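Source: prediction; values computed, not measured. In what follows, chains are A, B, ... by sequence order, proteins preceding strands, each numbered from 1.
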Amino acid sequence: IDSEDDLLQECISSAMPKKK
Amino acid sequence: PDSPLARWTKSLHSLLGDQDGAHLFRTFLEREKCVDTLDFWFACNGFRQMDLKDNKTPRVAKAIYKRYIENYGIVSKQLKLATKAYIKDSIKRQHIDSVMFDQAQTEVQTLMEENAYHMFLTSDIYLEYV
């Protein structure tokens with residue numbers, strides 16, 4: 001099971017701009 | 001005219017939509033000791049895109065609340081009391097909604113636009129990159 005920190009980090013990363 | 005640099009100066013949104021721009025702005029905010037505001041901003045965007053049926057979603061809402069709002073850190077200090085109370089209450093009642101952080105994100109974003117973004121555009125980090 002993912003820790004809260006991992007979930008938060010995943011959430012932030014999902015919103016970061018991707019390389020064009 | 002459509003270079004990344006020209007876009008960065010157009011708006012905070014266009015800066016944050018560019019990978020290099022967001023990265024450089026993050027470096028700047030780390031130095032200014034307010035990087036949490038940017039991470040919170042991205043966390044709000046990420047949260048809004050999450051599926052409410054996913055059992056991870058309430059846990060992420062709680063993680064965002066604990067990490068940025070409950071702790072009296074910089075994000076918490078920038079938010080209105082009513083905004084914090086609304087989020088706290090939503091989490092307590094497990095009333096998880098895609099837009100529950102929208103008001104908080106707007107408050108943080110407004111201050112970022114007025115302060116950090118302008119400071120960034122005159123910072124040595126930015127000027128050296130240019």
Practice task
Name, in order of residue number, those residues of residues 38-49 of chain B that have a heavy atom at a distance of less than 4.5 Å from a heavy atom in chain A; otherwise write 'none'.
Solution key: B/Asp39, B/Phe42, B/Ala43, B/Asn45, B/Gly46, B/Phe47, B/Gln49
Practice task
May I ask whether B/Met119 and B/Ile125 are part of the same hydrophobic cluster, defined by side-chain heavy atoms of I, L, V, M, F, W, Y residues being less than 4.5 angstrom apart, directly or through others?
Solution key: yes
Handout entry: Min side-chain heavy-atom separation B/His23-B/Gln19 under 4.5 Å
Key = no
Problem - Which residues share a side-chain contact (heavy atoms from CB on, under 4.5 Å) with B/Leu127, sequence neighbours left out - result: none
Problem - Approximate separation, where rounding is to 0.5 Å, of B/Ser123 OG and B/Glu32 CD - result: 8.0 Å
Handout entry: Separation of A/Leu7 CG from B/Lys62 NZ (nearest 0.5 Å)
Key = 12.0 Å
Exercise for the section: Output every pair passing ring pair (Phe, Tyr, Trp, His ring centres under 6.0 Å) with a member in residues 102-130 of chain B, not counting sequence neighbours, ordered by first then second residue. Expected result: B/Trp8-B/Tyr129, B/Phe25-B/Phe120, B/Phe28-B/Phe120, B/Phe120-B/Tyr126
Exercise for the section: May I ask you to decide whether B/Lys10 forms a salt bridge with B/Asp18, counting only side-chain N to carboxylate O separations under 4.0 Å? Expected result: no
Practice task
Measure A/Glu10 against the heavy atoms of chain B and call it side chain, backbone, both or neither at under 4.5 Å.
Solution key: side chain
Problem - Distance (rounded to the nearest 0.5 Å) between B/Thr57 OG1 and B/Asp97 CG - result: 11.5 Å
Exercise for the section: Please answer: with hydrophobic residues joined when any side-chain heavy atoms are less than 4.5 Å apart, are B/Val99 and B/Val60 in the same cluster? Expected result: no
Completion exercise
Under a 4.5 Å heavy-atom criterion, the part of residues 64-83 of chain B in contact with chain A comprises B/Ile64, B/Lys66, B/Arg67, B/Tyr68
Completion exercise
The reported gap from CG in B/Leu16 to CD in B/Gln109 (rounded to nearest 0.5 angstrom) is 8.0 Å
